[in-house]
Protein chains: 2
Amino acid sequence: MTPRTPAPRSRRERPAKPALTYEGIVETAVRLMEAEGLQRVTMRRLAQELDTGPASLYVYVANTAEPHAAILDELLGSVDLSPTAGEGDGDGDWRDRLTQVLISYTRVLLENSALAHSALVARPSGSNNLALVEAILTLLHEGRVPGPQAAWGVDVLLQTATATAAEHSTRAHAVDSADEHNALVTAVRGASPGTHPRIAALADDLVSGTPEQRLTWIFHSVINGTLTTERPAP
Amino acid sequence: MTPRTPAPRSRRERPAKPALTYEGIVETAVRLMEAEGLQRVTMRRLAQELDTGPASLYVYVANTAEPHAAILDELLGSVDLSPTAGEGDGDGDWRDRLTQVLISYTRVLLENSALAHSALVARPSGSNNLALVEAILTLLHEGRVPGPQAAWGVDVLLQTATATAAEHSTRAHAVDSADEHNALVTAVRGASPGTHPRIAALADDLVSGTPEQRLTWIFHSVINGTLTTERPAP
DNA sequence: ACCTGAACACCGTTCAAGT
DNA sequence: ACCTGAACACCGTTCAAGT
């Protein structure tokens with residue numbers, strides 16, 4: 001595509017091969033993920049990218065999950081937290097602004113499909129995740145949600161967003177997606193009113209709504225639950 | 001352990017090697033999972049168990065995810081739906097009974113760790129899943145939750161339960177678990193009141209409660225959200 | 001201390017060839 | 001139509017040996 005690149009003198013073509021350090025490994029992992037997806041971020045592939053053997057990486061990371069978690073922490077930096085401060089006025093009440101933050105988070109995970117699965121398991125504790133938690137707590141505080149409920153609610157909110165992203169990520173393969181959706185619709189529509197009266201009665205409602213509508217309702221619903229559900233006395 | 005088993009005459013030791021059919025494959029998959037965990041239910045291992053090569057299985061199943069989904073459908077049969085009918089009186093109001101069903105579902109997935117991940121992606125549509133959905137809808141109906149909200153709420157309830165199981169499953173490895181929990185506690189406690197005032201203010205609440213207390217609160221909270229959150233006009 | 005080659009013990013999936 | 005051997009293209013992780 002750019003044929004006038006001069007032929008390299010030595011065989012070190014890469015621009016200053018990244019040093020074999022934890023930071024260098026993570027940096028390469030992020031680049032690799034952006035270029036080819038998380039499924040390619042394997043110890044062997046990573047080692048290849050760093051011009052070494054897989055065994056060398058084990059001096060810096062304990063296992064494959066570690067670079068994956070580091071990538072996740074990195075990406076959490078691109079979540080849009082601006083609705084927290086109520087910038088650009090007219091952004092709606094605290095509920096709507098919290099929903100905006102959660103939808104931004106969901107989108108970040110959705111774009112990097114396989115990452116959502118890591119997020120569900122990894123419990124990121126990096127600084128970007130801390131900032132996200134702080135933002136959610138701030139908005140719940142603005143909404144006068146009692147502290148103890150807010151503290152447990154933030155977990156549910158993030159879990160819901162993460163699970164939604166994880167659910168959709170693997171479903172994103174066009175054909176399979178259609179098949180699976182049809183299987184669900186068929187199962188629901190085929191439910192006999194005799195054995196499954198409630199499913200039969202609500203068949204339309206069960207499969208209605210656009211993904212956006214459902215996601216917005218889900219977040220509002222979980223926010224309301226957090227607001228109205230008292231914690232048991234300790 | 002039972003040393004008086006007579007030596008087999010032929011080398012066919014297995015009791016009537018299961019026929020190579022879809023049902024036979026699923027049956028073997030379930031047995032293998034119960035004996036060695038889902039991570040051992042691979043095409044190669046399954047083929048070995050059926051005295052054949054992996055290629056042969058592709059006549060009956062499209063990929064590895066298919067037997068996994070079949071196992072999941074099977075296990076959903078052991079979820080305790082009895083609280084739905086209000087049997088054994090004194091089981092509490094509809095909210096408590098719904099929580100009991102959801103906790104039973106969570107436990108089934110928790111016992112079979114890796115399965116929760118499949119559940120998040122597979123959208124099971126087998127008959128046991130249909131019965132579970134019907135049970136949840138019945139309890140929501142008893143609680144006079146408006147149909148359209150119940151229809152969307154059942155998804156959130158199951159997703160929450162599934163995600164909780166998925167989260168805990170991989171965290172069940174004792175040492176890693178302690179490390180990760182400490183990392184979280186350290187991150188929360190170390191949050192400076194200057195940059196993260198809400199986290200600092202709620203540090204204790206963020207990490208308080210037993211898993212059982214938290215899970216019960218989560219279900220009550222999501223149930224309340226479903227009850228009180230109207231769906232947008234279509 | 002850091003790095004490596006080589007090995008161990010696996011994967012999913014495809015395909016040409018056989019019965 | 002069904003089944004198979006063999007291959008292709010990979011995995012994570014460990015460890016003895018080198019520098």
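Quantities reported herein were computed from a predicted structural model and do not represent experimental measurements. In what follows, chains are A, B, ... by sequence order, proteins preceding strands, each numbered from 1.
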Note to self: If you only use heavy atoms from C-beta on, which nucleotide in C:dC3, D:dT14, C:dG12 is closest to the side chain of B:Thr64?
What the structure shows: C:dG12
Margin query: Exactly one of A:Val79, A:Thr99, A:Leu81 should register a side chain to side chain contact (heavy atoms under 4.5 Å, CB included) with A:Ser104. Which one does?
Written below: A:Val79
Checklist line | Nucleotide of C:dC15, D:dC15, D:dG12 approaching B:Ala55 most closely (side-chain heavy atoms) | finding: C:dC15
Notebook entry, point to check: OG1/B:Thr42 to CD/B:Gln48 distance, rounded to the nearest 0.5 angstrom?
Noted result: 8.5 Å
Item checked: d(CD, B:Gln48; C1', D:dG5) in whole Å -> 16 Å
Next item on the list: With a 3.5 angstrom cut-off on both distances, give the Watson-Crick or G-U wobble partner of D:dC2, or none if there isn't one.
Entry: C:dG18
Next item on the list: When you get a sec, tell me which of C:dC3, C:dC11, D:dG12 is the closest nucleotide to the side chain of A:Tyr60?
Entry: C:dC3
Margin query: Expressed as a whole number of angstroms, how long is the span from A:Leu57:CG to C:dC3:C1'?
Written below: 11 Å
Notebook entry, point to check: Separation of A:Gln39 atom CD from D:dG12 atom P, in whole Å?
Noted result: 12 Å
Next item on the list: Nearest whole angstrom, please: distance from the P of D:dC10 to the CE of B:Met43.
Entry: 20 Å
Margin query: Can you measure B:Glu36 atom CD to C:dC10 atom P for me and round it to whole angstrom units?
Written below: 11 Å
Note to self: What's the separation between atom CG in B:Leu57 and atom CG in B:Leu50, rounded to the nearest 0.5 Å?
What the structure shows: 6.5 Å
Item checked: Separation of atom CZ in B:Arg44 from atom C1' in C:dC10, rounded to whole Å -> 8 Å
Margin query: Nearest whole Å is fine: how far is D:dC11 P from B:Arg40 CZ?
Written below: 20 Å
Next item on the list: Using the P atoms only, state how far C:dA9 lies from D:dC10, rounded to an integer number of Å.
Entry: 23 Å
Notebook entry, point to check: Between B:His117 and A:His117, what is the ring plane arrangement, given parallel below 30°, perpendicular above 60°, and tilted in between?
Noted result: parallel
Margin query: Within the structure provided, determine whether A:Leu75 and A:Glu111 are in side-chain contact (heavy-atom separation under 4.5 Å).
Written below: no
Margin query: Can you tell me the base-pairing partner of D:dG12? Count Watson-Crick or G-U wobble geometry only, both distances below 3.5 Å, and say none if there is no partner.
Written below: C:dC8
Note to self: Base, sugar-phosphate or nothing for A:Ser56? Non-hydrogen atoms, less than 4.0 Å.
What the structure shows: base
Next item on the list: Mind calculating the distance between CZ (A:Arg45) and P (D:dC10) to the nearest angstrom?
Entry: 9 Å
